[in-house]
Amino acid sequence: MRKPILAISIALAATGVPAGAQTLEKELVVVAAGGQFERSLRSSFYQPFSEKTGVRVTAVPSTFGEQNAKVKAMGEMNAVTWDIVTSHPITTISMADDFLPIDCARIPNAARHGIPNACRRNSVVRTLGGGVLTYMTKEFGGRKPASWADFWDQKAFPGPRTLPNIGYPWEVLIPALLADGVPKDKLFPMDLDRAFKAMDRIKPHVTVWWKNADQAVNAFRSGDAVMGWLFDGRVLALKNEGMAIDMEFDGGIQYTSQWSILRKAPHPNAAYAFLDHFMAAPERHVAFTQVVQYGTSNKEALAMHAPAVSANLSANPRNWERMVDIDYDWLVGNTEQIIRRWNEWISR
Amino acid sequence: MTDAAAPALRRRPWLRTARAAPATAAPVSRDRLSRRASLLLVSPALLLLGWAFFLPVAALLFRSVSEPTWTLAHYARLIDEPLYLRIILRTLWISAGVTVLALVLGYPIALWIARARAGVAAFVTLCVLIPLWTSVLVRSYGWILLLQRNGIVNSWLKEWGFIDRSLALLYSETTVLVAMSHVLLPFMILPLVSSLKNISPDLGKAALNLGASPWRGFVHVTLPLSLPGIFAGCLMVFVLSLGFYITPALLGGPRTLMIATLISQQATEMLNWPFAGAISFVLLALSLAITFAFRKLLGVERAAAHA
């Protein structure tokens, strides 16, 4: 146990940070999604980190919304017990007060092994995914829908659709704008009137407005939907299972999941050490991606996948660049308004 | 059996249970504890409730008028935006529907349990209780498996030749009504059973003896005497429906958006807790008002039944 700690101290000292400040706490509390995702995080990242440093990692499973509510409550009550949580580009703006600004010099592996811009203002990129156009391959006489315009076209691609109704309406309104002919670089500021008009046209054909991705998966399995909006990792899992399903990355929504350290985290040094540990060792990322079907922020890992695998990952730059990069600075000031209009529209 | 005083004596136990605790079947003991002793006994539970429930709820409600400054703006928003009134009305309507359905479905079962032999009654009670121990989530997914496009119901209907193409049975208001009634049925049946068990079977026999038809005996004797159970069951089902969340979200379409969903949206997605508090206050006020109205209504009917 001793030697690795020493090695880390030396490595950290070499980056110019005084070694005295780096005493690792004994514990680290990390919040992320539960289930299989948590198990893979544990085996690929938490356990190796504990073995190397002796820091005990406690994994707390939580849904994203619940996590954010608790982060806010903990901050207000001055009783923060969590160190690292899951963040998204929008919460790194809307909850900036709760997140510690990241000193990227303390995470040297991000520059060494990470994709460009892996270490950010108050977060470190974890996984890259997307909300993509998904379709059953045997439904349309061998033709493939290539864009959201095809998704909106009931004549060419008939059949029931499924779309998410999960509290982030812009992820559906953007496809609506694309389908209506708005070019990708003209999406922001969003023309909401135009988007909702396009939504009126698709609404009669949507059989399942899903609240969680399992419902969408179930809709595809049962024939309740033949086309929809779904996370690429879920589609990949179904594809690997042998289902006649596929996806189109063009016009999908980029989904960046990140790690953020809480401003009042009780174990900040262990948190920094973990994030640096996370960014290294591509083989661990490869194993992780094989289970969860999402690419990670480790650039070497991407090259280590078989070409057939990496061709299907949204982390692959070829796919990533075809998806929509949301202008979160615009969005953050408009979420309230968009959600209000969406509730009004969807409940009619 | 035909002693005229007997019904009058019998009347008391249910009157008492109606006031005290409609859900408990245990006969009230004559040797009561002193007021001080009972207070002492309930105080740990009260303290826990006060600290872990009433205090946080009060804090949330307080924020609805105190943030960002002293304001009623959050409540004004509830009135200004037509969405909220519509969702509140819809929540009330769905809850009322669920209550009626649960009563109609639950009453015969409760009557059966109350009248059946001990072994049968225990078995039926178990059938009612087991679903209660199953997660609401699991029961909701169960309905999805039954009703989806290639689910059990559709494939049977197709096999028997009733339909050619699968019906869209899921994601509608009807589905939500049916599934919520199923989930909440035990809360209707259990109070009904305890109230029906308190009615002496002799009363029914007396009615028959005096020449009433079984139906008339039921309508004029059993039904009025079981009103406290009906009251308790309806109240519980209605109030639980008001705050229902998982089942409408999973089985309903977007049109079955209910008020609890709006609260959670404000609390976890918008992190707008003052507004979440304002909506919660409306839900709480509605529940209390309805409890009060039910009590009034029962008082009137009870008087009428014994006039």
Side-chain angles (χ1 to χ4, degrees), chain A residues 62-73 75-77 88 90-91 94-95 97-98 159-160 162-169 172 199 203-204 206-212 214-215 217-226 332 335-348, chain B residues 56 59-60 63 67 77 80-91 137 140-141 144-152 154-155 165-172 245-259 261-273 275-276:
Chain A
S62 176
T63 63
F64 188 59
E66 203 179 297
Q67 171 209 280
N68 293 339
K70 282 190 183 161
V71 164
K72 197 182 165 206
E76 280 182 9
M77 304 303 286
H88 195 253
I90 193 160
T91 55
S94 63
M95 298 175 64
D97 291 345
D98 295 295
T162 177
L163 288 173
N165 176 25
I166 48 175
Y168 315 108
V172 178
M199 290 307 296
K203 199 178 191 183
V206 179
T207 47
V208 182
W209 290 96
W210 55 268
K211 280 277 173 195
N212 66 47
D214 291 329
Q215 272 177 295
V217 167
N218 194 55
F220 282 118
R221 273 191 213 285
S222 70
D224 268 335
V226 297
V332 87
T335 48
E336 180 94 42
Q337 186 208 154
I338 297 176
I339 288 181
R340 187 186 309 163
R341 280 192 71 167
W342 176 267
N343 280 340
E344 185 65 41
W345 178 84
I346 193 102
S347 65
R348 282 205 179 277
Chain B
L60 184 69
R63 291 178 81 153
E67 278 185 25
R77 193 176 149 193
D80 284 348
E81 289 173 28
L83 171 75
Y84 296 102
L85 190 65
R86 203 169 73 233
I87 301 301
I88 289 168
L89 286 177
R90 178 177 300 155
T91 306
L137 200 63
S140 302
Y141 273 112
I144 294 183
L145 289 182
L146 279 175
L147 298 178
Q148 67 192 9
R149 207 163 277 260
N150 58 8
I152 296 168
N154 264 322
S155 48
R165 287 187 54 188
S166 292
L167 302 172
L169 300 170
L170 271 177
Y171 312 116
S172 69
Y245 177 65
I246 299 169
T247 309
L250 286 181
L251 298 175
R255 277 183 206 88
T256 45
L257 186 62
M258 283 174 73
I259 193 166
T261 314
L262 287 181
I263 297 176
S264 111
Q265 206 173 49
Q266 289 298 330
T268 63
E269 279 154 24
M270 302 311 302
L271 298 180
N272 186 346
W273 294 354
F275 191 49

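Note that the structure is predicted; figures quoted are calculated from it, not measured. Just so it is clear: chains get the letters A, B, ... in the order the sequence lines come, proteins before strands, and each one is counted from 1.
- A:Ala73 touches chain B through backbone and side chain together, each having a heavy atom under 4.5 Å away.
- Contact annotation: the side chain of B:Thr268 never approaches that of A:Asn68 to less than 4.5 Å [non-hydrogen atoms, C-beta and beyond].
- By number of non-hydrogen pairs under 4.5 angstrom with chain B, the leading residue of A:Gly167, A:Ser94, A:Ala219, A:Ser222 is A:Ser222.
- Both the backbone and the side chain of B:Ala249 have a heavy atom closer than 4.5 Å to some heavy atom of chain A.
- Both the backbone and the side chain of B:Leu271 come within contact range of chain A, each with at least one heavy atom under 4.5 Å from a heavy atom of that chain.
- The distance from atom CD1 of B:Ile246 to atom NZ of A:Lys211, rounded to the nearest 0.5 Å, is 12.5 Å.
- Put simply, the side chain of A:Ile339 does not reach to within 4.5 Å of the side chain of B:Gln266, judged on heavy atoms.
- In this structure, A:Asp214 and B:Tyr141 have side chains that are in contact, with non-hydrogen atoms separated by less than 4.5 Å.
- Salt-bridge formation is not detected for the pair B:Glu269/A:Lys72: no Lys NZ or Arg NE/NH1/NH2 atom is positioned less than 4.0 Å from an Asp or Glu carboxylate oxygen.
- Closest approach of A:Ala69 to B:Ala267, counting heavy atoms only: CB-O, 3.8 Å.
- Contacts between B:Ser264 and chain A at a heavy-atom distance below 4.5 Å are absent for every atom of the residue.
- Side-chain contact between B:Tyr171 and A:Thr207: absent, with no pair of heavy atoms (C-beta onward) separated by less than 4.5 Å.
- Proximity to chain A (any heavy atom under 4.5 Å) is shown, for B:Tyr84, by neither the backbone nor the side chain.
- For B:Gln265, the part lying near chain A is the side chain, with the backbone staying farther off; criterion is any non-hydrogen pair under 4.5 Å.
- Using a 4.5 Å cut-off between heavy atoms, A:Arg221 contacts chain B through its backbone alone, with no side-chain atom that close.
- The greatest number of non-hydrogen atom pairs below 4.5 Å with chain B, out of A:Arg340, A:Glu66, A:Lys70, is found for A:Arg340.
- Rounding to the nearest 0.5 angstrom, the gap separating the OG atom in A:Ser347 from the CE atom in B:Met258 is 13.5 Å.
- Remark: side-chain polar atoms of A:Gln215 are paired, donor with acceptor, to backbone N or O of B:Leu250 under 3.5 angstrom.
- For the options A:Thr335, A:Val208, A:Thr91, heavy-atom pairs under 4.5 Å to chain B are most numerous at A:Val208.
- Under the side chain to side chain donor-acceptor pair (under 3.5 Å) criterion, B:Arg149 pairs with A:Asp224, not counting sequence neighbours.
- Looking only at side-chain heavy atoms (C-beta outward), B:Glu81 and A:Glu344 stay at 4.5 Å or farther from each other.
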